[in-house]
Amino acid sequence: MVEETSATGWETQLSKNEQIAIDVRDAVKRYGDFTALKTISLSIKDNEFFTLLGPSGCGKTTLLRMIAGFEDVTEGGIFLYGDEIENLPPYQRPVNTVFQNYALFPHMTILDNVAFGLEMRGANKSDARKKAGEMLELVQLSQFSARKPSQLSGGQQQRVALARALAPQPKVLLLDEPLSALDLKLRKAMQLELKHLQRETGITFIFVTHDQEEALTMSDRIAVMSAGELQQLGSPNDIYERPRNMFVADFIGETNLLEVSVDKVENGRAICHLGGGHELTCNAVDEVGVGSKVHLSIRPERLFMSEEPAEGESLKAKVRENIFVGTDITTILDLADGPEFIVRTSNSDRGNKRIFEPGTDMYVNMEVGAARLLVD
Amino acid sequence: MAAGAASGGSAVTDTYKDARTWLLLPAWLTLTILVAAPVFMMLIYSFLTKEFRGGVIWEFSLAAYDQFFFDRGLFGDDPAKIEWTYILIFWRSIWQAGAATILSLVIGFPTAYFIATRPEKSRPLWVFLITIPYWVNLLIRTVSMKFLLRDQGPLNDFLINIGLIDSPIHIVNTNFAVQLGLFYSYLPFMVLPIYAAVERYNFSLSEAAADLYATKATTLRRILLPAVKPGVIAGCILVFVPSMGSFLAPDLLGGAKNFMIGSLIEEQFKGNAGNWPFGAAASMILMSMVLVLLMFYARQQAKSEKAEG
């Protein structure tokens with residue numbers, strides 16, 4: 001459906017099936033008349049930190065719950081290391097889940113919570129507890145093992161949920177927006193901790209989030225989803241630098257989205273014009289032909305301002321407003337008779353790149369090819 | 001009150017304190033007149049001397065309690081032996097009420113679970129349906145039950161007609177009939193508290209258990225039941241306690257052999273053959289047993305709440 005956007009398609013490198021941890025093949029999920037997932041196919045590699053990213057209602061959680069076994073698969077199949085699992089009940093699937101609200105058992109101690117999965121897999125009570133104790137050490141909560149979940153803070157509960165899900169050594173760990181209830185600082189710390197845990201344990205992580213920054217920070221690969229469909233699958237870099245369509249460009253990071261019409265295509269470049277008669281050269285995209293009206297995306301940090309037109313692409317504009325946001329300065333510009341532009345100048349670049357007072361006429365510049373045409 | 005209020009400080013809190021006193025009055029009146037006073041009267045009566053045509057003579061006596069526990073022969077001058085008659089009736093009451101409670105739990109729990117797992121909109125309808133039979137008077141329901149269960153009744157007819165049995169099964173006038181009657185009388189008291197508990201239950205805990213390789217049976221035993229335990233215990237108390245003192249079901253469905261403590265008490269206050277102090281004493285004994293039971297429950301609750309922090 002959606003092709004790998006990275007330069008070397010990994011699928012050709014794989015000879016054996018075993019290296020694919022989860023293979024979702026033409027999976028469809030319908031609730032009565034409503035289709036939550038429209039024929040999704042994707043392969044998640046062994047030992048990968050894979051993220052399902054999208055706004056709420058895009059079907060990412062549904063897909064995760066189908067892998068876990070909480071939702072039936074209406075059509076299609078799900079394979080775990082080559083074994084078909086979509087008809088197995090959750091308790092027979094060697095995958096574990098970290099739930100959004102943690103779902104810790106309130107009447108059990110932290111230690112017993114973590115030992116539960118091990119016990120259910122047949123370990124005797126003392127072995128299970130010993131192993132659970134080790135898991136709690138791994139997440140640095142040993143001193144709380146005798147407490148009940150309600151006596152722990154949100155961040156601590158989060159780590160218990162993680163230890164509990166990792167304790168039975170699942171083949172794949174599923175994480176359903178596990179960090180959404182934490183405050184910003186704790187969330188950042190947990191992002192790193194999760195990433196380290198994934199490296200240490202070597203377990204495949206499938207992470208669900210609506211936070212694009214979180215996805216970019218943590219993932220090896222990201223599947224961007226919207227309205228029950230896969231929009232793009234690729235590395236964080238691919239998805240950020242080479243968004244495939246308007247949804248992805250808009251959803252991931254901040255961008256200037258402009259409507260343009262294509263005047264000419266030659267030598268892999270497309271000459272386009274936008275409102276006000278301004279002309280821009282971008283990298284051509286196969287599906288976009290001459291005369292078509294499409295959108296163009298330029299990341300604000302790829303733009304810079306100058307008094308005189310710089311080399312590459314330059315457009316005449318007037319500064320409307322400067323907004324100081326700490327690490328950056330965001331400038332809003334109006335193109336003469338054209339659309340507005342957002343330019344981001346890194347605070348550390350202020351020496352090299354100029355900031356202009358509101359009302360100043362200046363030029364906004366970019367390298368040729370920084371603007372990307374999008375398939376709608 | 002006024003002095004206490006004055007020391008309370010500002011005029012605003014004074015107003016609230018006055019209002020509080022008045023608003024609490026109905027509750028206090030109800031508790032005093034309808035709960036404390038009758039129990040107190042009963043306690044006094046149990047220590048008085050009986051009047052042969054019913055009623056009491058105002059003279060202190062331990063005869064009622066003595067009669068309950070000890071056998072002193074026909075003329076009351078033999079050496080005291082333990083009187084087993086009433087203890088046996090008591091024991092049967094506990095047994096019958098216990099069986100009815102277990103029956104209610106076995107039927108009531110799945111029912112409550114079923115209702116609690118319906119879509120939120122339709123739950124009130126199911127609860128409403130559960131309560132419909134209880135709009136009919138208890139006496140009429142119990143008599144109807146006797147009619148249904150008797151040897152020539154619809155149940156036996158049906159079983160014979162479908163060929164399951166050849167001759168009617170005798171259900172009426174057995175312990176089982178009484179248990180059925182009690183079960184039917186008090187079933188909603190089991191269903192409603194369990195329903196309330198299951199409705200509050202966080203079903204993602206069941207998912208988490210299944211995710212951690214627990215089968216459905218294990219999830220029920222290790223996760224759901226502990227979580228809804230307060231509702232289950234409340235349901236059991238609400239069925240067991242009134243079943244213990246019930247007299248309609250044992251009278252109508254159990255016959256003379258299956259006498260329960262409720263009937264014994266009822267008999268003491270009915271007609272001319274009664275013995276009021278003895279009835280009062282039996283009531284007090286029943287009540288103290290139930291109280292012990294409730295205190296045990298309250299202590300367990302406090303313990304588990306403390307453990308949960």
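Protein chains get the first letters and strands the later ones, always in sequence-line order, with residue 1 at the start of each.
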Residue pair A/Tyr91 / B/Lys216: nearest heavy atoms and the distance that separates them: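 Where A/Tyr91 meets B/Lys216 most closely, the heavy atoms are CE2-N, 4.4 Å.
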Where B/Ala208 and A/Ala103 come nearest, the two heavy atoms and their spacing: CB-O, 3.8 Å
B/Asn202 and A/Asn101: CA distance, side-chain angles, deciding distance, side-chain contact (heavy atoms from CB on, under 4.5 Å) verdict: CA-CA 10 Å; B/Asn202 173 8; A/Asn101 60 5; 3.9 Å; yes
Should we count [atom1] of [X] as having more than 12 external heavy atoms under 6.0 Å?
X        : atom1 : result
B/Phe296 : CZ    : no
A/Gln143 : CD    : yes
B/Phe158 : CZ    : no
B/Arg118 : CZ    : yes

Chain B contact via A/Arg164 - which portion, at a heavy-atom distance below 4.5 Å: both
Contact listing (chain A partner; residues 219-244 of chain B; heavy atom under 4.5 Å):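 Residues of residues 219-244 of chain B touching chain A at under 4.5 Å: B/Arg222, B/Ile223, B/Pro226.
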Residues in side chain to side chain donor-acceptor pair (under 3.5 Å) contact with A/Arg30, at least two apart in sequence or another chain: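 Residues passing side chain to side chain donor-acceptor pair (under 3.5 Å) with A/Arg30: A/Glu75.
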Candidates A/Asn96, A/Leu174, A/Val98 - the one meeting side-chain contact (heavy atoms from CB on, under 4.5 Å) with B/Asp211: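 For B/Asp211, the side-chain contact (heavy atoms from CB on, under 4.5 Å) check succeeds only for A/Asn96.
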Spacing of OG1 belonging to A/Thr97 relative to CG belonging to B/Leu212, to within rounding of 0.5 Å: 8.0 Å
Contact list for residues 186-198 of chain B, test side chain to side chain donor-acceptor pair (under 3.5 Å), sequence neighbours left out: B/Tyr195-B/Glu199
Residues 109-130 of chain A: residues contacting chain B (heavy atom under 4.5 Å, by number):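 Counting heavy atoms that sit under 4.5 Å from chain B, the residues of residues 109-130 of chain A involved are A/Phe116, A/Gly117, A/Glu119, A/Met120, A/Arg121.
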Heavy-atom contact with chain A under 4.5 Å, split by part of B/Thr218: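 Just the side chain, heavy atoms under 4.5 Å.
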